[in-house]
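Hydrogens, waters and symmetry mates play no part in the numbers below; they use all other heavy atoms, side chains included.
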Amino acid sequence: MSDTPLIAAARAIRENAYAPYSNFNVGAAMRTPTGAVYAGVNVENVAYPEGTCAEAGAIAAMAAAGEYAIAEVAVIADSPTPVPPCGGCRQKLREFAVNGDVKVTMATTDGATLTMTVSELLPGAFGAEHMEKG
């Protein structure tokens, strides 16, 4: 089975991850409604909480290009099973997801995949609608 274009983009960028402490390289790629693809990698720091996730890097690249909507996501890591985004990244994905049905495909470097929607990954998410006053 060959990679989808989005998984292929995440696989290719994963090689650029900076993970000297965990040796756990992660790549993420996001497609916007315009068809553009933005990718990111995890970047560790010796002070662990100061690192960034691959999903956050891809979102930053997307925003830097002036786009603010995600239509689809792929994340890949060298793991025995597909690795889901962390809790913080789930909320970040929710911020930019076109809707809760945005697909997030999690993949392993060996080819296993699991696809879930943003809503499935983060049920009961906090959103902008919660900030509105009644």
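A chain of hydrophobic side-chain contacts below 4.5 Å, direct or via other Ile, Leu, Val, Met, Phe, Trp or Tyr residues, connects Val73 to Tyr68. When the side chains of ILVMFWY residues are joined at heavy-atom separations under 4.5 Å, either directly or via intervening members, Phe96 and Leu122 end up in two distinct hydrophobic clusters. Under the 4.5 Å side-chain heavy-atom criterion for Ile, Leu, Val, Met, Phe, Trp and Tyr, Val41 and Val26 are members of distinct hydrophobic clusters. A single hydrophobic cluster is not seen to contain both Leu6 and Val83; linkage of ILVMFWY side chains at heavy-atom distances under 4.5 Å, directly or through other members, places them apart. The same ILVMFWY cluster, assembled from side-chain heavy atoms under 4.5 Å apart, contains both Val118 and Met62.
Aromatic ring pairs are classed by plane angle as parallel below 30°, tilted from 30° to 60° and perpendicular above 60°; the pair Phe126 and His130 is parallel.
Residues Arg11 and Thr109 are in side-chain contact: their nearest non-hydrogen atoms beyond the backbone lie under 4.5 Å apart. The shortest distance between side-chain heavy atoms of Tyr18 and Asn42 does not fall below 4.5 Å.
One distance of note links CE of Met116 with OG1 of Thr105; it measures 11.0 Å at 0.5 Å rounding. The structure places CG of Asn25 at 11.5 Å from CD1 of Ile13, a figure rounded to the nearest 0.5 Å. Considering CD1 of Ile7 and CZ of Arg14, their distance stands at 13.5 Å, rounded to 0.5 Å. One finds the NZ atom of Lys103 at 7.0 Å from the OG1 atom of Thr115 (value rounded to the nearest 0.5 Å). The distance from the CD1 atom of Ile59 to the CD atom of Glu67 is 13.0 Å, given to the nearest 0.5 Å. To the nearest 0.5 Å, atom NZ of residue Lys92 and atom SG of residue Cys86 are 6.0 Å apart.
In terms of heavy-atom proximity, Cys53 sits nearest to Cys89 at CB-SG, 3.4 Å. Shown here for Thr108 and Thr81, the closest heavy-atom pair between the two residues is CG2-C, 3.4 Å. The two atoms that bring Pro33 and Ala69 nearest to each other are CD-O, 3.3 Å, heavy atoms only. For Leu93 against Val104, the heavy-atom pair with the smallest separation is CD1-CG2, 4.4 Å. The minimum heavy-atom distance linking Glu44 with Tyr21 is given by the pair OE1-N, 2.9 Å. Taking every heavy atom of both residues into account, Ala58 and Ala28 meet most closely at CB-O, 4.1 Å.
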- [ ] Apply the test side-chain hydrogen bond (donor to acceptor under 3.5 Å, both in side chains) to residues Thr117 and Ser119: give CA-CA distance (whole Å), side-chain angles for both, the deciding distance (0.1 Å), then the verdict.
- [x] CA-CA 5 Å; Thr117 65; Ser119 291; 4.8 Å; no
- [ ] Show your reasoning for whether side-chain contact (heavy atoms from CB on, under 4.5 Å) applies to Phe24 and Asp78.
- [x] CA-CA 7 Å; Phe24 191 72; Asp78 184 12; 5.7 Å; no
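At least one donor-acceptor pair closer than 3.5 Å links the side chain of Arg90 to the backbone N or O of Leu121.
Electrostatic pairing of Arg94 and Glu55 does not count as a salt bridge here, judged by no charged N lying under 4.0 Å from a carboxylate O.
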